[in-house]
Amino acid sequence: MSGNRLLRSSAVFSAMTFISRISGLVRDQVYANVFGANPAMDAFIAAFRIPNFMRRLSAEGSFSMAFVPVLAEYKEAHGPQAVRELIDRVSGVLIAALLAVTAAFLLLAPWLARVIVPGFEPGSGSAELFVEMLRITFPYALFISLASLAGSILNSYQRFAIPALSPVLLNLAMISAALAAGEWFGGSVKVLAWGVFVAGILQLLFHLPALARLGLLPRPRWGAAHAGVRRIMTLMVPTLFGSSVVQFNLLFNTMAASMLIGGSMTWLYYSDRLLEFPLGMFGVAIGAVILPHLSSRHAATDPEGYSKGLDWGFRLCLLIGLPACAGLILCAQPLLATLFQYGRFGEFDMRMSSWSLMAQASAVPAFLLVKVLAPAFYSRQDTRTPVKAAVMSVLVNALCIVLFFGGLLWLTEAGRTALAATGDLRDAMKALPGGGHALLALAIAIAGWTNAAQLAWYLRRAGIYRRQPGWGRFLRQIGSATLAMTLVVAAFRWGWQDWTPWLWWQRGWRLAAMVGAGGGVYMALLWLQGIRLRQLQGH
């Protein structure tokens, strides 16, 4: 795939993903207005995080990273009949494994509550609500993993629109469920769990017609002995950890957040959702497009094309990541106030969410770079190297959590007071005032930079990437443009400090003016310094 084709494919994927993110934004606005931030909403977010974690493993992580290179190899070397056989065997094994995992999670849900949300007192309303909603939502992991198999096949054949548009169905189902909660179900958050269940079925069905048109609709057959399936399973075992380190860190942080004041998980959720705009629109798009490209270049023994594809990905990540990082940090409160501070989501909730957004946004460039760095190894069927980086990242995240909360409890007046009053670590954590969740977001940011740095170091040591000319000038261009953008946005923030008194439309036009001015300055300076679209097409 040429650089021009790569950019065009990423643009298609990003355009479809933009539609998905807009619908997701509407969904979150409905959540905030109907449910606010409270222990019941915390329970839903924790329950949905488990099947969503499985989705990230399959859709953007372990399964995709293992399956796509093997599928590319079969396309290149074995022909259409062998590809269909591989798909049939993989689907059979995947369905059997997913059914077993789903059954286990449904049976073990009460025990899992003690592990995943240790801050929920056993037998309490929050714990029981978590167990009930986990049992409703977990089958989503089965449906969405099968949809991810279909999406990986379509991506491998340069059909990017359907997989990128699929999440819109989840958002529409959840919006309908949230509105129904207020209208017919007395505001019960449990209706959201049923919305997740229905969404999984819809997303799977959405992919099937496109697969049928390619003649690749799976006919599931058991295939554990098939050579391609064994190869995928061999590659997948280490990638279960390596490709989804951010999700593991989020899962660990969910455990820690359950021990904090009620609403902490919800505040983290809303800040994470805003972070998903640059990561979802661009990071996932670049990763989904570049993995098949790198896999095919490696299979065709084209090291020059392989290296140019990586270089293109790195430049695009920094071109997007640096201004996104600065913009999210500066605009955290205006964004949250404009988008979510209505109904049951008040000023305090907005302020708490802004703290975690600013902390986690500091690692946006790192999160984007990992979307290119990890496929650089997976496309060569090297699954060990990303695991080494992932282990270090998880350890750093865990160490940061221990140090941050140890300092909060023993080195601050509020922490010492809470410990003295309760005499119990878990009770002391819950007695702390709001703000501890921002330390969890900071831990994820530090872990993200650790992961990216480790992968870059291993890539350089392996000698599989040759830097293309012009990097020094490129960094000066985007650095100066980002600095100018930051100054412009900071001037707006100095003039408009308190957004709470304004109505939604008053917040909206101010946010649009601020973001538009900052983005306009950034793009104008890039253009004045000579950066053109054709330069990105050339890498």
Side-chain angles (χ1 to χ4, degrees), residues 1-10 12-13 58-91 93-94 148-164 207 210-211 214-218 223 226-239 242-243 284-313 371-386 459 462 464-465:
M1 196 188 298
S2 68
N4 185 40
R5 181 76 174 273
L6 272 173
L7 187 62
R8 187 165 59 249
S9 296
S10 292
V12 170
F13 200 105
S58 58
E60 299 155 20
S62 176
F63 178 78
S64 178
M65 294 293 185
F67 174 65
V68 170
V70 175
L71 182 62
E73 182 182 301
Y74 268 67
K75 284 173 60 183
E76 187 76 24
H78 300 290
Q81 184 57 41
V83 168
R84 284 192 290 269
E85 176 74 10
L86 175 68
I87 290 171
D88 293 345
R89 298 297 183 179
V90 168
S91 63
V93 172
L94 183 62
S148 298
L149 168 64
S152 295
I153 297 169
L154 293 174
N155 286 342
S156 296
Y157 284 82
Q158 284 75 55
R159 307 296 198 274
F160 298 107
I162 295 294
H207 287 81
L211 281 181
L214 288 173
L216 296 174
L217 194 65
H226 186 275
V229 174
R230 290 202 309 269
R231 181 64 181 153
I232 291 167
M233 292 172 68
T234 300
L235 293 171
M236 188 173 174
V237 171
T239 61
S243 67
V284 175
I286 294 168
V289 169
I290 206 168
L291 178 59
H293 171 76
L294 295 179
S295 299
S296 62
R297 295 283 68 77
H298 179 68
T301 61
D302 178 11
E304 183 66 22
Y306 181 92
S307 192
K308 285 186 175 181
L310 279 176
D311 198 87
W312 168 86
K371 296 294 185 181
V372 176
L373 286 163
F377 296 97
Y378 294 130
S379 62
R380 303 172 71 246
Q381 301 186 24
D382 173 7
T383 57
R384 294 181 180 274
T385 301
L459 185 68
I464 58 177
Y465 162 64

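- Taking the ring centre of Tyr465 as origin, the terminal cationic atom of Lys308 falls outside the region bounded by 6.0 Å and 45° from the ring axis.
- Lys75 places no side-chain N or O within 3.5 Å of a backbone atom of Val70 that could act as its donor or acceptor partner.
- With values rounded to the nearest 0.5 angstrom, Leu94 atom CG is found 15.0 Å from Arg89 atom CZ.
- Pairing each heavy atom of His207 with each of Ala150, the nearest pair is CB-CB, 3.6 Å.
- Glu73 contributes atom CD, which lies 7.5 Å from atom CZ of Arg231 (distance to the nearest 0.5 angstrom).
- Between Ala376 and Leu459 the shortest heavy-atom distance is CB-CD1, 4.1 Å.
- Counting heavy atoms from C-beta on, the side chains of Val372 and Trp312 never come closer than 4.5 Å.
- A distance of 9.5 Å separates CD1 of Ile162 from CG of Leu211, quoted to the nearest 0.5 Å.
- In this structure, CD1 in Ile464 is found 5.0 Å from CZ in Phe377, a value given to the nearest 0.5 Å.
- Judged purely by atom type and a 3.5 angstrom limit, Tyr74 uses its side chain to pair as donor or acceptor with the backbone of Gly228.
- Residues satisfying the side-chain hydrogen bond (donor to acceptor under 3.5 Å, both in side chains) criterion with Thr385, sequence neighbours excluded, are Asp382.
- Taking CD1 of Ile153 as the start and CG of Leu214 as the end, the distance is 9.0 Å to the nearest 0.5 Å.
- Annotation for Val83 and Leu71: closest pair CG1-CD1, 3.7 Å, computed over non-hydrogen atoms.
- Rounding to the nearest 0.5 angstrom, the gap separating the CZ atom in Arg84 from the CG atom in Leu217 is 12.0 Å.
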